[in-house]
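Here the structure is laid out as structure tokens; the discussion comes afterwards.
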Amino acid sequence: MEELPVALAATDRPLPVRLAEVEDERAPEGMACIGSFLGPKLVARCVVPPDAAAFLLERGLFDQPVRLALAAREEPPGLQCRLFALVDIPGDILGGEEEEESPWADSVPGASYERTVSGDEEAPASSRDEEEDSGERQAAVFLGQIVRFDKDRRHPADLALETMDVLRTIVQGEVSEVVDKVLEDLLGGGDSWNGPVL
């Protein structure tokens, strides 16, 4: 089966994103639901193990503004998007065995994701060396899924423009959250229940 094309978009400046644990009866037992907020507005949710939730909430990764990135593909019922925050991971977290034991590590693509979203896939070695010397690495932290239905698309013939428009809508606070069971059923269950609809 041919893989569907993915479009990427990222904010041009860091934004003040706040993470907090939120209650949701649809979260599987033993899992934590983390909400991502821009100002007072909840823009995304994701379900993670409790130790990963504690890590995200206690390590201060979101103390400073972060850039947001959106990866989108055309898939029923319209546009399926994944929202990420590009955060700086301190060197003490990355060092040695601690990195291998970190519960969030499997879901963090790493610094190469930032180069991909910025279009700087072939960054010079010197800039990569500076990144390593600083003791920090930028990584993408998954915040949640976003859906835009086909009927709501503004650029149906252009996946890249549609992706940028969805990200703009998230940033401008026009997210309309869907909390009914209809969406969960429509998307086929799994972890897709936790995303807003645009």
Side-chain angles (χ1 to χ4, degrees), residues 6-27 31-48 50 52-73 77-90 104 107-111 113-114 116-119 136-149 152-155 159-180 183-184 187 191-198:
V6 175
L8 298 172
T11 57
D12 58 357
R13 67 186 186 283
L15 300 169
V17 176
R18 177 176 61 88
L19 262 56
E21 191 163 356
V22 295
E23 292 292 329
D24 195 297
E25 61 187 20
R26 294 161 296 179
M31 300 290 277
C33 183
I34 300 296
S36 302
F37 296 82
L38 278 173
K41 186 68 178 178
L42 175 68
V43 296
R45 286 178 294 177
C46 68
V47 174
V48 296
F55 177 88
L56 290 172
L57 296 173
E58 296 169 6
R59 281 296 191 144
L61 300 179
F62 291 82
D63 287 350
Q64 299 298 318
V66 297
R67 289 178 64 201
L68 294 177
L70 191 75
R73 68 176 64 205
L79 208 66
Q80 295 271 4
C81 310
R82 294 170 65 85
L83 184 66
F84 296 88
L86 305 177
V87 302
D88 292 324
I89 306 294
W104 50 271
S107 65
V108 179
Y113 187 87
E114 164 65 8
T116 301
V117 231
S118 66
E136 290 190 347
R137 173 176 86 180
Q138 195 164 68
V141 174
F142 177 67
L143 299 180
Q145 292 183 299
I146 310 288
V147 173
R148 176 172 281 181
F149 290 110
D152 298 322
R153 290 190 61 168
R154 297 170 186 162
H155 307 280
L159 177 59
L161 279 179
E162 194 75 37
T163 303
M164 287 187 285
D165 188 73
V166 171
L167 184 58
R168 177 197 60 78
T169 302
I170 293 168
V171 170
Q172 291 184 354
E174 299 169 9
V175 177
S176 173
E177 189 178 0
V178 172
V179 295
D180 57 39
L183 178 62
E184 181 182 356
L187 299 180
D191 62 352
S192 55
W193 63 268
N194 59 12
V197 165
L198 298 179

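Keep in mind that this is a model prediction, so the values were computed, not measured.
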Over all atoms of both residues, closest heavy-atom pair of Arg18 and Gly39:
NH2-O, 4.1 Å
Heavy-atom side-chain contact between Gln80 and Val147 under 4.5 Å
yes
Tightest non-hydrogen contact, residues Pro50 and Ala32, listed as CA-CB, 4.4 Å
Kindly give the heavy-atom pair with the smallest separation between Leu86 and Ala140, and that separation in Å.
CD2-CB, 3.9 Å
Give, for atom SG of Cys33 and atom CD of Glu25, the distance between the pair rounded to the nearest 0.5 Å.
11.5 Å
Nearest 0.5 angstrom please: Leu8 CG to Arg73 CZ, how far?
10.5 Å
Could you tell me which non-hydrogen atom of Val22 sits nearest to which non-hydrogen atom of Gly35, and how far apart they are?
CG2-N, 3.9 Å
Full working for side chain to side chain contact (heavy atoms under 4.5 Å, CB included) between Leu38 and Leu68
CA-CA 11 Å; Leu38 278 173; Leu68 294 177; 4.2 Å; yes
Taking Glu162 as the fixed residue, which of Arg148, Arg154, His155 is the one that meets the side chain to side chain donor-acceptor pair (under 3.5 Å) rule?
Arg148
Test side chain to side chain contact (heavy atoms under 4.5 Å, CB included) on Thr163 and Val6; report intermediate values, then the result.
CA-CA 9 Å; Thr163 303; Val6 175; over 6 Å; no
Heavy-atom closest pair (Val66 atom, Leu61 atom, distance to 0.1 Å) is CG1-O, 4.1 Å
To the nearest 0.5 Å, what is the distance between CG on Leu79 and CZ on Phe149?
11.5 Å
Tested for side chain to side chain contact (heavy atoms under 4.5 Å, CB included) against Ile170, the lone hit among Asp165, Thr11, Leu70, Leu143 is Leu70
Point-to-point distance, once rounded to the nearest 0.5 Å, from CG of Asp63 to CG of Leu19:
11.0 Å
Ser36 (side chain) donor-acceptor with Val43 (main chain) under 3.5 angstrom
no
Which pair of non-hydrogen atoms, one from Arg67 and one from Ala10, has the smallest distance, and what is that distance?
NH2-CB, 3.5 Å
